[in-house]
Participant: 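First, the structure itself, so that you have it in front of you.
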Amino acid sequence: MPQIIFLPHEKLCPEGMVIEAEPGISICDAALAHGLEIEHACEKSCACTTCHVIVREGFPSLEAADEVEEDMLDKAWGLEPESRLSCQAIVGDEDLVVEIPKYTINLAAEQK
């Protein structure tokens, strides 16, 4: 079973996290199943960019983003060539190293 290695993120996982993920699950669903509360304001419908991640290793093992995801990614903060929406990026057979950007654009977020 492939591993997803999440690099340290100041708020979500300060020490990083390594999880096992079934092939065929989205990066977002795998993270949520392991208690990593990655933002997903549109409930994983590819209608926002709050679950934006950068796949530092293993990017070629993911299926290509479709046009809708590409259009949404154009609006993401800190976009890089290996950026994906974690709700749309489906885990394949290879391990992944994933960075969650420090900032996200969430117009519906309520600050506590």
Side-chain angles (χ1 to χ4, degrees):
M1 195 173 332
Q3 289 187 330
I4 304 175
I5 301 159
F6 289 95
L7 298 175
H9 181 277
E10 185 179 309
K11 293 180 182 174
L12 299 177
C13 55
E15 296 179 19
M17 181 181 274
V18 179
I19 64 173
E20 289 192 354
E22 284 283 334
I25 192 171
S26 72
I27 293 172
C28 185
D29 283 336
L32 293 170
H34 287 85
L36 180 53
E37 294 297 322
I38 192 165
E39 256 189 281
H40 54 288
C42 72
E43 296 300 320
K44 303 177 277 185
S45 65
C46 197
C48 74
T49 63
T50 59
C51 72
H52 168 231
V53 296
I54 303 160
V55 182
R56 296 292 182 199
E57 293 180 25
F59 186 81
S61 71
L62 302 172
E63 290 186 20
D66 65 18
E67 190 174 329
V68 174
E69 181 182 357
E70 291 286 351
D71 287 347
M72 288 308 304
L73 280 168
D74 286 341
K75 302 171 186 175
W77 181 91
L79 185 66
E80 294 192 20
E82 292 81 25
S83 287
R84 290 295 303 266
L85 297 180
S86 66
C87 70
Q88 301 299 304
I90 304 300
V91 176
D93 293 327
E94 292 183 29
D95 292 348
L96 302 172
V97 175
V98 174
E99 178 181 349
I100 302 169
K102 185 174 183 176
Y103 300 107
T104 185
I105 299 170
N106 185 350
L107 302 177
E110 294 182 21
Q111 300 298 323
K112 293 182 180 184

Participant: May I have all residue pairs that pass salt bridge (charged side-chain N to carboxylate O under 4.0 Å, His left out) and include part of residues 87-96, sequence neighbours excluded?
Facilitator: none

Participant: With the side chain counted from C-beta on, respond yes when K11 and E37 share a heavy-atom pair under 4.5 Å apart, and no when they do not.
Facilitator: no

Participant: Going by side chain to side chain donor-acceptor pair (under 3.5 Å), name the residues that satisfy it together with E69, two or more places apart in sequence or in a different chain.
Facilitator: R84

Participant: Roughly how far apart are E20 CD and Q3 CD, rounded to 0.5 Å?
Facilitator: 5.5 Å

Participant: Is there a donor-acceptor pair closer than 3.5 Å between any side-chain N or O of H9 and the backbone N or O of P101?
Facilitator: yes

Participant: Quick check: closest heavy atoms across E70 and A65, and the distance to 0.1 Å?
Facilitator: OE2-CB, 3.5 Å

Participant: Which heavy atom in P8 sits nearest to a heavy atom in P14, and how many Å separate them?
Facilitator: CB-O, 3.3 Å

Participant: When rounded to the nearest 0.5 angstrom, what distance separates NE2 in H40 from OG in S45?
Facilitator: 10.5 Å

Participant: Other members of the hydrophobic cluster containing L96, with the 4.5 Å side-chain heavy-atom rule, please.
Facilitator: I4, F6, L12, M17, I19, I25, I27, L32, L36, I38, V53, V55, F59, L62, V91, V98, I100

Participant: When rounded to the nearest 0.5 angstrom, what is the spacing between CD1 in I54 and CD in E57?
Facilitator: 13.5 Å

Participant: So, taking the atom named OG in S86 and the one named NZ in K44, what distance separates them when rounded to the nearest 0.5 Å?
Facilitator: 9.5 Å

Participant: What are the two closest heavy atoms between G78 and H52, and how far apart are they?
Facilitator: O-CE1, 3.8 Å

